[in-house]
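Whatever order the structure lists ligands and atoms in, that order sets their numbers, starting from 1. Basis for what follows: all heavy atoms, side chains included, without hydrogens, waters or symmetry-related copies. What you are looking at is a predicted structure, and each value in this text was computed from that prediction instead of being measured. Here, residue 1 is the first one in the sequence, and each next residue gets the next number.
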Amino acid sequence: MAGCAELINSGRSSSGDLLPDVEAVQSFADRYLFYGAPAGPADLTRLRSHRARLDQVARACEAGDIGSAIDALNELLARTGASPQIASHDGRGPHLHVSRNDAPIANRMAAHFAMGLAWLVVAGQASRIRTCESPTCDEVFVDMSRNRSRRYCDSKTCGNRLHVAAYRARKQAATS
Ligand SMILES: [Zn+2]
Ligand SMILES: [Zn+2]
């Protein structure tokens, strides 16, 4: 689910769209090992549109609006032309692909991520999809902790930054 969160977060960044061009789409695909036809300009448009939909799903899950999440996921699966099949390549044993190999790379990635979210939703795990609680961060993450207690996108940065801020505030209150 890391790729899905990263894709959604690329559109939530306060420092602008982190998916600015076709090269960014290709490097994202490479990083998450999506093979196939190279990304083209249409993939940038497609992926941004799919990303907005995935973000909508994440927000619906977080709000507990499972009906809306399901509607958006079904639409996304249809729009990306998801077509499940069993593949075997690069020395890997048989495994499931959500899309045909010749489908546009943006559609293949979005279909794959939509399927991941769909599994969470049908397993009653939608509440694991959350937004970071840091006041300075809007990143989505999937909480895979056993008791669903995670509050920050990355406890090493966001959780810690808050800790430091609280510490400084206490210190300042004590000396003034
Ligand atoms: Zn494969
Ligand atoms: Zn955060």
Side-chain angles (χ1 to χ4, degrees), residues 1-19 24-39 43 46-47 50-52 54-64 76-77 80-120 125-169:
M1 298 303 291
C4 183
E6 186 181 331
L7 177 60
I8 292 173
N9 289 333
S10 74
R12 287 194 184 191
S13 173
S14 53
S15 47
D17 196 327
L18 301 182
L19 209 60
V25 175
Q26 187 62 57
S27 95
F28 185 92
D30 292 343
R31 201 141 22 92
Y32 287 100
L33 306 179
F34 286 97
Y35 304 108
D43 286 300
R46 283 190 198 103
L47 195 56
H50 297 330
R51 177 181 67 186
L54 288 166
D55 195 323
Q56 203 182 344
V57 172
R59 291 192 193 277
C61 286
E62 187 164 17
L76 193 53
L77 286 167
T80 53
S83 174
Q85 54 199 270
I86 299 169
S88 182
H89 58 90
D90 297 301
R92 292 185 56 193
H95 57 282
L96 277 174
H97 277 189
V98 177
S99 312
R100 293 162 50 94
N101 281 350
D102 56 3
I105 192 86
N107 288 359
R108 295 182 55 204
M109 293 194 284
H112 179 83
F113 295 146
M115 204 60 184
L117 291 176
W119 279 116
L120 276 178
Q125 306 284 309
S127 66
R128 290 189 184 274
I129 301 163
R130 288 204 293 279
T131 299
C132 180
E133 286 186 26
S134 162
T136 57
C137 177
D138 194 33
E139 298 219 344
V140 71
F141 65 90
V142 182
D143 180 4
M144 296 312 284
S145 68
R146 187 185 284 258
N147 56 0
R148 307 187 191 195
S149 59
R150 196 171 146 196
R151 297 173 57 200
Y152 304 105
C153 65
D154 179 346
S155 53
K156 286 188 207 70
T157 55
C158 278
N160 217 21
R161 203 189 305 149
L162 274 193
H163 178 81
V164 169
Y167 169 75
R168 284 207 186 113

Original post:
Does a side-chain N-to-carboxylate-O contact under 4.0 Å join Arg92 and Asp90?
Top reply: no

Original post:
Parallel, tilted or perpendicular: which fits the ring planes of His97 and His95, with parallel below 30° and perpendicular above 60°?
Top reply: perpendicular

Original post:
For Ser83, what residues pass the side chain to side chain donor-acceptor pair (under 3.5 Å) criterion, not counting sequence neighbours?
Top reply: none

**OP:** Check salt bridge (charged side-chain N to carboxylate O under 4.0 Å, His left out) between Asp55 and all other residues, then give those that pass, not counting sequence neighbours.
**Re:** Arg12, Arg59

Original post:
Mind checking what makes side chain to side chain donor-acceptor pair (under 3.5 Å) contact with Asp43, not counting sequence neighbours?
Top reply: Arg46

**OP:** Take the Zn ion (ligand 2) and tell me which protein N, O or S atoms are nearer than 2.8 Å.
**Re:** Cys132 SG, Cys137 SG, Cys153 SG, Cys158 SG

**OP:** Enter the distance from Glu139:CD to Ser10:OG here, rounded to the nearest 0.5 Å.
**Re:** 10.0 Å

Original post:
At the Zn ion (ligand 1), what's the angle from His97 NE2 to His89 NE2, rounded to 10 degrees?
Top reply: 110°

